[in-house]
2 protein chains.
Amino acid sequence: MEFEAFTASALADYLGGIAEVRARLDDSSDLDIAEVGDGNLNFVYFVTNARERERSVVVKQAPPFLRLIGKNWPLSCQRMDHEVAALRRFGALCPQHVPKVYYADQKRYLMVMQHLAEHRILRQGLIDGVTYPLLADHMATYLAHTLFYGSDLFLAPDIKKEAVGRAVNAELCKITEDLVFTFPFEDHPSNVYSAALPASALERLRTSEPLRLVAADMKWAFMNHAETLLHGDLHTGSIMVNERETYVIDSEFAFYGPMGFDIGALIANLLLAYFSRDYHGRLNDGDPHAYQEWLLDQVVRIWNGFSAAFLKLWREHESRSGRRFIGGAADSRTVDAYRAHFMRRLLADTLGFAGCKMIRRIVGMAKVAEITRIPDAALRAQIELRCLHCAEVLLVQRAMLTDIEQVSMLARDTLREAAASR
Amino acid sequence: MEFEAFTASALADYLGGIAEVRARLDDSSDLDIAEVGDGNLNFVYFVTNARERERSVVVKQAPPFLRLIGKNWPLSCQRMDHEVAALRRFGALCPQHVPKVYYADQKRYLMVMQHLAEHRILRQGLIDGVTYPLLADHMATYLAHTLFYGSDLFLAPDIKKEAVGRAVNAELCKITEDLVFTFPFEDHPSNVYSAALPASALERLRTSEPLRLVAADMKWAFMNHAETLLHGDLHTGSIMVNERETYVIDSEFAFYGPMGFDIGALIANLLLAYFSRDYHGRLNDGDPHAYQEWLLDQVVRIWNGFSAAFLKLWREHESRSGRRFIGGAADSRTVDAYRAHFMRRLLADTLGFAGCKMIRRIVGMAKVAEITRIPDAALRAQIELRCLHCAEVLLVQRAMLTDIEQVSMLARDTLREAAASR
């Protein structure tokens, strides 16, 4: 059957037949329905009781193709199953940061979920230079809970292995394997280069041996290291915020993968915001500096907060259960040393993934608004070069960067050296 | 239903009803049936046509418990499904080194397979000091084919991910997680220590921080790195040999895990044979030296042969398919550099797993005959200490040992230093 997007009246009829949704909207006789999907994949509708506007839901439906491209890029609708399963799982672990799922219809590849009416996409907020005082704490909590509770540090090994099998999400992983880890390092027809980006920068991505080796290592880790249930696409467009609250949405890329991938995606996007601030922050004679420092502070606080919260969950769980991943009989110094060693390895992974995610946003098909909205081609290319430089250092030196403060120093140095060479 | 092992007559009746088996045995009216299972897990029968003794099969059945311990260690019979699936897969990849499966009965957790009547268990051959001129080549071929063709270097990513889900083998993996990676480093009641092994050696396993950290890293890799379909228990008791042929049996531990685990298991067991040769090789006024050198030569030839064959499969596949794991556009120097880098990482993994496998055979529950058959408690403890020392260096220095010759040097040095300090 050919996929057809709902008309407003067909969707109203459909929703009227679902008790859970009627209960939420109270009365479904007079609904405002607006299609608002601006992502790459899905149709998204805001459905609001026209007489009581605080009563509203979001309907999200997966068409059998990549919406960004159209019917020529078929994509199985099963991605909605992955999104629903992951939202429910993450919601159970971290209800304060995950929208509620009211209803899921497997046959129509559709779900009805909480409408975050008072929140906006974090990426937009960052472009506008808004600071969110609780963002770092919230994201640290979200990351610690979702990454810890899906892993072998918490789950019984049989339960975890079953979860790995259930979460296989080959189709959406393939998009990441290609668009993040392979195409950006090739002269691939899907790549999109900004007008003034020098050919030498592209050449460098393709020919730098240390960079290619590490990028391939990160691809291997992404494809093989089934460490925990990941969000799988945790950029700043997948986070909705306001001053008080933070929600993570759009989990259709969820699968069992390496822990560093989600944290790396978030850090990468904060660094893209940092470098692109040199344009957005100077509009109306502004000074980008203070907001750039706020962004770097978020990077540091998200990692340090995540790390502290993750270690706390780990220590408390092992103390309650009386069993340790490393086994018994080690003195507490060894147990602590292992945990520190684990977190160093996780930081190195995180930075490697962050580097790949930054590079793909500069040279790959899917861009980010903070870069594409820079109208001056030369300035945009300058900013893109800084992103690429920072990303390369993150990748190649990821094992030497043993502390997140070194990452903010790297970002500042990249900006300062660029300024000095102007 | 309570499990009851077949009586000979019941088994003859059962086999008589299976066309594939009748065809193989020709006539099932006069069968010799002998239960010969000496492994830890299963019942194994040799079934022979008494009038044409070259017509014979092996019947293997999984009872719902660990045979080594008895009904108090329940174990699901599904392990037979894993064994059959893995034998068939490995047999398709490498028919010359994998016994044929004639028939599998999922309901009875039983299979009928090729009888390797002219072969013996490699471990027994090594204890007797037999050299096998083709062993290293055969095992290098087996390892290269099984490890390569199950991985993302060959399989399409969706096919590989499905295979990971299908191969989940939580119950038998748990045995490895506990007995190889956890209990040996604890003061665990299941551990078995030989009489004269000094307490300081056990203390060292439990308290050496570098050792504990690396052992936990290897456990994490075993549980998380779903790189290829492994045999999962590739010690010298899982290999049947004669001068001309080499077969790998007993694949019930098969699962998607880190490539280095199978190679490491084999190298570990060759090193255990090397150190224990100081006893077996001196019986009847013998000199162990030449055979020890033969054993080390096998270690070197297996790794180098595996590495060359694996790289050849990899190069040929990428040249045929026109696609490379690392992506296009890199010059051939970078492609080669990545492959070399991949193999160095794989060697480091291999040596880490080898170290854990050696340690578990010295202090864990499941021993190896070349050690337990040493009647002199003091000599046995000396040999065990050398095994533990070598294993610890393999683990802790695994990333520095970039060449397999360094491993044979380490083994020789361990023996020489022990001799000097006598």
Side-chain angles (χ1 to χ4, degrees), chain A residues 151-153 156-162 164-171 173-174 177-178 181-188 205-210 212-213 215-217 219-221 223-228 255-256 258 323-331 333-335 337-338 341-342 345, chain B residues 151-153 156-162 164-171 173-174 177-178 181-188 205-210 212-213 215-217 219-221 223-228 255-256 258 323-331 333-335 337-338 341-342 345:
Chain A
S151 78
D152 283 312
L153 298 178
D158 53 340
I159 303 290
K160 189 262 191 167
K161 289 175 180 74
E162 274 168 42
V164 172
R166 256 199 323 275
V168 165
N169 192 357
E171 198 173 27
C173 282
K174 181 72 162 68
E177 289 153 21
D178 289 343
F181 296 109
T182 312
F183 298 168
F185 302 93
E186 301 179 326
D187 181 17
H188 195 273
L205 290 179
R206 292 175 200 150
T207 59
S208 163
E209 191 175 296
R212 292 300 298 264
L213 265 50
D217 279 347
K219 179 179 175 179
W220 186 259
M223 295 178 81
N224 287 281
H225 296 184
E227 295 181 334
T228 200
F255 77 110
Y256 255 80
R323 276 169 305 138
R324 295 179 183 134
F325 182 82
I326 193 175
D331 60 23
R333 207 180 49 118
T334 302
V335 174
Y338 176 62
H341 171 77
F342 186 99
R345 199 261 309 150
Chain B
S151 78
D152 283 311
L153 299 178
D158 53 338
I159 304 292
K160 189 263 191 166
K161 289 175 180 74
E162 274 169 41
V164 172
R166 256 198 324 275
V168 164
N169 193 356
E171 197 173 28
C173 282
K174 181 73 163 69
E177 289 153 21
D178 289 344
F181 297 108
T182 312
F183 298 168
F185 302 93
E186 299 179 328
D187 182 17
H188 195 272
L205 290 179
R206 293 174 200 150
T207 59
S208 163
E209 190 176 297
R212 292 299 299 264
L213 264 50
D217 279 346
K219 179 179 176 180
W220 186 258
M223 296 178 82
N224 287 282
H225 296 182
E227 296 182 335
T228 200
F255 77 109
Y256 255 80
R323 276 169 305 139
R324 296 179 183 133
F325 182 82
I326 193 176
D331 61 23
R333 207 181 49 120
T334 302
V335 174
Y338 175 62
H341 169 77
F342 186 97
R345 198 261 309 151

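Below, chains carry the letters A, B, ... as their sequence lines are ordered, and counting in each starts from 1.
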Below 4.5 Å from any heavy atom of chain B, which atoms of [X] appear? Answer side chain, backbone, both or neither.
X	value
Asp217(A)	both
Glu171(A)	neither
His341(A)	side chain
Tyr256(A)	neither
Arg166(A)	neither

With chain B, which of [options] has the greatest number of heavy-atom pairs at distances under 4.5 Å?
options	value
Thr182(A), Val168(A), Asp152(A)	Asp152(A)
His188(A), Lys219(A), Arg345(A)	Lys219(A)
Ala221(A), Ser151(A), Ala337(A)	Ala337(A)

Pair Lys174(B) + Asp158(A): basic N to acidic O under 4.0 Å: no

Glu177(A)/Arg323(B) ion pair, N-O < 4.0 Å: no

Mutual orientation of the aromatic rings belonging to Phe325(A) and Tyr338(A) [parallel < 30°, tilted 30-60°, perpendicular > 60°]: parallel

Whether His225(A) and His225(B) hold their rings parallel, tilted or perpendicular, with breakpoints at 30° and 60°: parallel

Leading residue by heavy atom contact count with chain A [cutoff under 4.5 Å; candidates Trp220(B), Phe181(B), Phe183(B)]: Trp220(B)

CG-CG distance between Asn224(A) and Asn224(B), expressed to the nearest 0.5 angstrom: 11.0 Å

Asp331(A) and Arg212(B): CA distance, side-chain angles, deciding distance, side-chain contact (heavy atoms from CB on, under 4.5 Å) verdict: CA-CA 11 Å; Asp331(A) 60 23; Arg212(B) 292 299 299 264; over 6 Å; no

Residue pair Pro157(A) / Met223(B): nearest heavy atoms and the distance that separates them: CB-CE, 3.9 Å

